[in-house]
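By convention in this document, chain letters (A, B, ...) are assigned in the order of the sequence lines, proteins followed by strands, and residues within each chain are numbered from 1.
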Amino acid sequence: MSRYAASDVEAKWQSAWEAADIFRARRDETRPKYYVLEMFPYPSGRIHMGHVRNYTMGDVVARYKIATGHNVLHPMGWDAFGMPAENAAMASGGHPKDWTYANIADMRAQMKPLGLSIDWSREFATCDPEYYGQQQALFLDFLEHGLVYRKNAVVNWDPVDMTVLANEQVIDGKGWRSGADVERRELTQWFFRISDYAEDLLEALDTLDNWPAKVRLMQENWIGKSRGLQFAFGLIDGPEGHDRVEVYTTRPDTLMGASFVGISPDHPLAKTLERERDDVAAFCAEARKGGTTAEAIEKAEKLGFDTGLRVRHPFDTAWELPVYIANFILMEYGTGAIFGCPGHDQRDHDFARKYDLPIVDTFLPIEGDHDIGGAPYVPLKSEAVRYTRLVAGEEIQTGEAGVNAAIDFCEANGVGQGVTKFRLRDWGLSRQRYWGCPIPVVHCDTCGVVPERKENLPIRLPDDVSFDAPGNPLDRHPTWRDCACPRCGAPARRETDTMDTFVDSSWYYARFTAPHAATPTDMAEAEYWMNVDQYIGGIEHAILHLLYSRFFARAMQVCGHLPGKAIEPFDALFTQGMVTHEIYLTRDAAGRPVYHLPEEVSEGRLADGTEVEIIPSAKMSKSKKNVVDPSTIIAQYGADTARWFVLSDSPPERDVEWTASGAEAAHRHLARVWRIAAEIAASDAPATPDDDALLREMHKCIDEVTKGIDSFGFNAAIARLYAFTNTLAKSQAGKGAKTSAARTLAQLMSPMTPHLAEDIWAMLGGEGLVTTAPWPVADAEMLIDDTVILPIQINGKRRGEITVPADMPKSEVEKLALAHNAVVKALEGAQPKKIIVVPGRIVNVVV
RNA sequence: GCCCGCGUGGUGGAAUGGUAGACACAGGAGACUUAAAAUCUCCAGGCCUUUGGCCGUGCCGGUUCGAGUCCGGCCGCGGGCACCA
């Protein structure tokens, strides 16, 4: 008998699927539709195991849905704009466009051998003018509907290269190429009004029942709805135009603990002072050093500058507080000003100790009380309710009730208003870069900012650009900027900013429903195919990409590009873990790590015998060389082995470690299944006898694998398939029962290992393709066993077991349990205190 | 710093609040073979006084007849933090 030859088998069945054209999605009102989508890849050049895992999971779902009679849409495309293409152009002199399309061709060629059930006729790249032209049309519609506007915003500025830097390009506060200290600088930029949808985006999270709870929680925290008090401190002898400092606080219950007021270096008062005073200007310049990320700002050393100005406390006008400019206060949140309460906030506490400000405890003492000299006192969740002193004679509870009481008290006394604020800021989409979708507006000296006419779209990126100087090539292009004003016809200049690549990925799922429509979407197609029934991708997109997509679905609906039902574009979301691998390294003379590829290492040693250090289980990354190329694995074992392995060893939401032995074992198992099936097919044994145990196992396997796939329990489903294979291999049944069991095995494996499944299905005389064969259904009667083993516990510890009929009444089970040796011994003639019988599960005797 | 998650044998992991360790990897013993490969069979959490007993799911405490699972606190590791995609 021949052996399982993966490469022949896989090529054969991929051709068969292509010939039958079974993955092309067409509208068909007679069948339920199912849209499964994996987050589309960035065309970096090579696919990696993370891609294999992501697309395999989507493929399992897609193939399972095909088998259960659904009309499946399973498309693929490329998130093709972005910085790496420009970096490659700068490093090697090529063009971002050539680099990107070459990468797409390479990656498509690597992806096809995986045997994915993709409708390739719908493929597009976001850098295709056909796609980004429609995106420009969307932008113009958003502009018309008031969903886009311009305002100033802070960017990372490299003062040597005179260019804007991405956060990624700021290393330890310095520009990645120039090494200069990065500054925060304001530019006029385009913004989407996502914050107008904050309340809706928050409330609709409750409707996303099939999203992971943690993703919903992360989005909830990101949107950050809070109720607080907005009020003003009266400013004493402030500069002209400044008589108060508006503050927003979520902790008005601690107002009596105030010991300073802090304002952002970008606060209007700070800017006024900066113009008037050199010492303030010097401090603000210092405070603006470093990157713009929240992490950089909050981790930076807390610096404050005493302006010398004083404000009056709203409850006691004789009480004066100093005004500090502080580098950790963000102008984007609240009012850009805070009051500091060092007694009950760690950051304020640190600040107060550094600048020698008073630390006031506002919580009334209860027994064994706190001392806030060493650390701020923040009550624990589990502690008794605390009371705080708001003003003399007013005591209020802490926590939410206290905040509301404090707001009520303040409003009643004319000190500010209770307001609701969101942490969510508007989405800045301007990028000062070439390789992105041009923003389709024109700057005219007479008319100002004018939208392009839709008939002029797409506004194409020019091909003749150079990357030999820092900055945006569109800015220095000799002619591209020149145009006629769409309104008055006078000579005008194009906007040279391009769009954030998150814009590209915020609506591609809608475009897949009609990838070549002359408008952004085709409403009939969108009505049929939307929503995405199952979306699958990395947890790293839990906030930004998913939130932006949710906003876009709403905005597109406002502009008539999506039907009402698509307000939430992704009905179900699954976030998968990473593929990890050990890192192998040796040290150079200076002790710096030198990384080695897995194939260079054998049994912990390099070919020359040098022992390597091993760092366990880290995310695969080219720089650490702990990567395995899927193409190598496919060449060695076949795609089914790679698919089987990435699904088998870990739950899909968790990381999976790629190991050579695991891949080897997966391949051995698939070869075994093939061999077992081939033996059954070639056997001349009689059709009977049946094997009741085998058939029961088969139905249990159908049941559990079906449930496993339905709930993304792929690893558990695969474990069940291993067990069933073991049972089948040992069965003494006749050819009839074995053939039936093996065909079922082929069907159950087909979503995971479709090529192998087709091959053994055909071998065993299955009709047509297993891919399109109807999914098997478990016989409910075969799932119930006649007898069960019940563990006997004494005081919750297992002491024995009894085997009883499954339907034995509780009273009978109790009698049997009480007669059990271990129970008799434990009772020593006494009566049990209690007996708990959970039918079919357990007996617990309390003595 | 802030938000979120995870932690179970040598390893990956399984377990609607109900027999902890399914299934697999690595390991050990054996069969087959001149031999190897391949394949097949069996063993396998730790400890002890071994037909039995004790301990055991990061640590400390709680709820419960019963906790890997629920609650509180801690420790460790990972993801995100708005211009990486």
Side-chain angles (χ1 to χ4, degrees), chain A residues 3 39 41-42 44 79 81-84 153 155-156 164-170 189 194 212-215 217-218 220-222 224 291-300 302 328 332 346-347 350 380-383 423-433 500-502 504-505 538-545 547-548 575 577-578 616-619 648-651 653-657 659 661-662 664-666 668-669 671-672 675 713 715-716 718-723 726 729 789-798 800-801 833-836 838 840-846:
Chain A
R3 291 180 56 189
M39 290 179 185
Y42 178 79
S44 57
D79 187 14
F81 278 133
M83 273 200 314
V155 295
N156 299 306
V164 176
L165 298 178
N167 286 335
E168 189 186 58
Q169 297 169 321
V170 179
Q189 312 222 66
I194 187 173
K214 70 170 168 183
V215 173
L217 186 59
M218 285 162 84
E220 184 182 327
N221 289 330
W222 187 260
T292 58
T293 66
E295 187 187 4
I297 290 166
E298 286 175 42
K299 272 192 174 165
K302 308 287 179 285
F328 58 86
E332 286 84 8
Q346 183 69 53
R347 194 173 60 183
D350 296 344
L380 301 173
K381 276 194 253 179
S382 57
E383 273 184 302
R423 203 185 74 103
L424 180 67
R425 309 199 296 255
D426 277 337
W427 169 12
L429 67 121
S430 298
R431 297 293 181 269
Q432 295 70 41
R433 271 188 273 283
D500 179 6
T501 56
F502 272 121
D504 313 337
S505 56
I539 184 71
E540 67 275 19
H541 295 292
I543 298 172
L544 292 179
H545 163 60
L547 194 63
Y548 291 158
T575 52
M578 297 179 303
S617 200
K619 179 177 181 172
S648 66
D649 239 25
S650 283
E653 68 276 14
R654 253 196 260 178
D655 293 350
V656 61
E657 174 153 301
T659 61
S661 59
E664 176 70 42
R668 268 205 312 270
H669 177 72
R672 178 174 180 237
R675 197 168 54 244
N715 57 325
I718 283 177
R720 202 66 192 69
L721 287 165
Y722 269 107
N726 290 341
I789 297 168
L790 283 186
I792 308 289
Q793 290 184 335
I794 296 169
N795 293 339
K797 282 188 186 284
R798 188 179 184 281
E801 62 183 34
K833 287 198 185 120
K834 203 173 179 181
I835 304 178
I836 291 123
V838 183
R841 279 287 178 191
I842 206 159
V843 181
N844 190 14
V845 182
V846 187

Just to confirm, is there a sub-4.0 Å distance from OP1 or OP2 of B:G66 to any side-chain nitrogen or oxygen of A:Asn844? no

I'd like the P distance from B:A24 over to B:G61, given in whole Å. 38 Å

Under 4.0 Å protein heavy-atom contact, by nucleotide of nucleotides 75-85 of chain B - B base, S sugar-phosphate only: ----BSBBBSB

Do A:Ser650 side-chain atoms and A:Asp655 backbone N/O form a donor-acceptor pair below 3.5 Å? yes

Using side chain to side chain contact (heavy atoms under 4.5 Å, CB included), reason through A:Asn726 and A:Arg672 one step at a time and then give a plain yes or no. CA-CA 10 Å; A:Asn726 290 341; A:Arg672 178 174 180 237; 2.8 Å; yes

Quick one, A:Ile835 with A:Asn844, criterion side chain to side chain contact (heavy atoms under 4.5 Å, CB included). Give me CA distance, side-chain angles, the key distance, then yes/no. CA-CA 6 Å; A:Ile835 304 178; A:Asn844 190 14; over 6 Å; no

Who are the ring-ring contact (aromatic ring centres under 6.0 Å, His included) partners of A:His545, not counting sequence neighbours? A:Tyr535, A:His541

Residues in salt bridge (charged side-chain N to carboxylate O under 4.0 Å, His left out) contact with A:Glu220, at least two apart in sequence or another chain: none

With sequence neighbours left out, write down each residue that passes side-chain contact (heavy atoms from CB on, under 4.5 Å) with A:Ile539, or none if nothing qualifies. A:Lys214, A:Val215, A:Ala542, A:Thr575

For B:A85 and B:G80, measure between their P atoms and round to the nearest Å. 14 Å

What integer number of Å spans the P atoms of B:C83 and B:G7? 32 Å

Restricting to side-chain contact (heavy atoms from CB on, under 4.5 Å), what partner residues turn up for A:Glu664, sequence neighbours left out? A:Tyr637, A:Arg668

Expected label for B:G21 (glycosidic angle, syn inside 90° of 0, else anti) would be anti

Hits for salt bridge (charged side-chain N to carboxylate O under 4.0 Å, His left out) against A:Lys302, two or more places apart or cross-chain, chain-then-number order -> none

Between B:G10 and B:C47, how far apart are the P atoms? Round to whole Å, please. 10 Å

A:Ile794: which residues meet the side-chain contact (heavy atoms from CB on, under 4.5 Å) condition with it, sequence neighbours left out? A:Arg799, A:Ala822, A:Val823, A:Ala826, A:Val847

Going through the checks in order, is the side chain to side chain contact (heavy atoms under 4.5 Å, CB included) test met by A:Leu429 and A:Phe502? CA-CA 8 Å; A:Leu429 67 121; A:Phe502 272 121; over 6 Å; no

Under the rule for salt bridge (charged side-chain N to carboxylate O under 4.0 Å, His left out), what residues qualify as partners of A:Asp504, not counting sequence neighbours? none

Measure from CG on A:Leu217 to C1' on B:C4 and round the result to the nearest Å. 7 Å

Does a donor on one side chain sit under 3.5 Å from an acceptor on the other, for A:Gln793 and A:Glu801? no

By salt bridge (charged side-chain N to carboxylate O under 4.0 Å, His left out) - contacts of A:Arg720 (at least two apart): A:Glu697, A:Glu704

May I ask you to evaluate whether A:Lys834 reaches the phosphate of B:C65, defined as a side-chain N or O under 4.0 Å from OP1 or OP2? yes

Between CG of A:Leu547 and P of B:C4 the distance, given in whole Å, is 16 Å

B:C6 and B:G12: how far apart are their C1' atoms, nearest whole angstrom? 15 Å

Using atom CZ of A:Arg675 as one end and atom C1' of B:U39 as the other, report the distance to the nearest whole Å. 6 Å

Yes or no on side chain to side chain contact (heavy atoms under 4.5 Å, CB included) for A:Leu547 and A:Ile194, after CA distance, side-chain angles and deciding distance? CA-CA 9 Å; A:Leu547 194 63; A:Ile194 187 173; 4.3 Å; yes

C1' gap between B:C55 and B:U49, integer Å: 16 Å

Taking the same atom, C1', in B:G9 and in B:G28, what whole-Å distance lies between them? 16 Å

Between A:Asn715 (side chain only) and A:Ser648 (backbone N and O only), is there a donor and an acceptor less than 3.5 Å apart? no

How would you label the glycosidic angle of B:U64: syn (within 90° of 0) or anti? anti

Any base atoms under 4.0 Å from A:Val838, or only sugar-phosphate, or nothing? Heavy atoms, all strands. base

Stem ranges of RNA chain B by first residue number, counting only runs of at least 3 Watson-Crick or G-U pairs under 3.5 Å, come to B:1-7 with B:75-81, B:10-12 with B:23-25, B:27-31 with B:39-43, B:45-48 with B:52-55, B:58-62 with B:70-74

What distance, rounded to whole Å, do you find between the two P atoms, one in B:U8 and one in B:G13? 8 Å

Reading nucleotides 22-27 of chain B 5' to 3', which nucleotides get B (base under 4.0 Å from a protein heavy atom), which S (sugar-phosphate only), which -? BSSSS-

Tabulate protein N/O versus nucleotide N/O from nucleotides 19-21 of chain B, keeping only pairs under 3.5 Å, one per line.
from, atom 1, to, atom 2, distance (Å)
B:U19, O2, A:Arg798, NE, 3.1
B:U19, O2, A:Arg798, NH2, 3.0

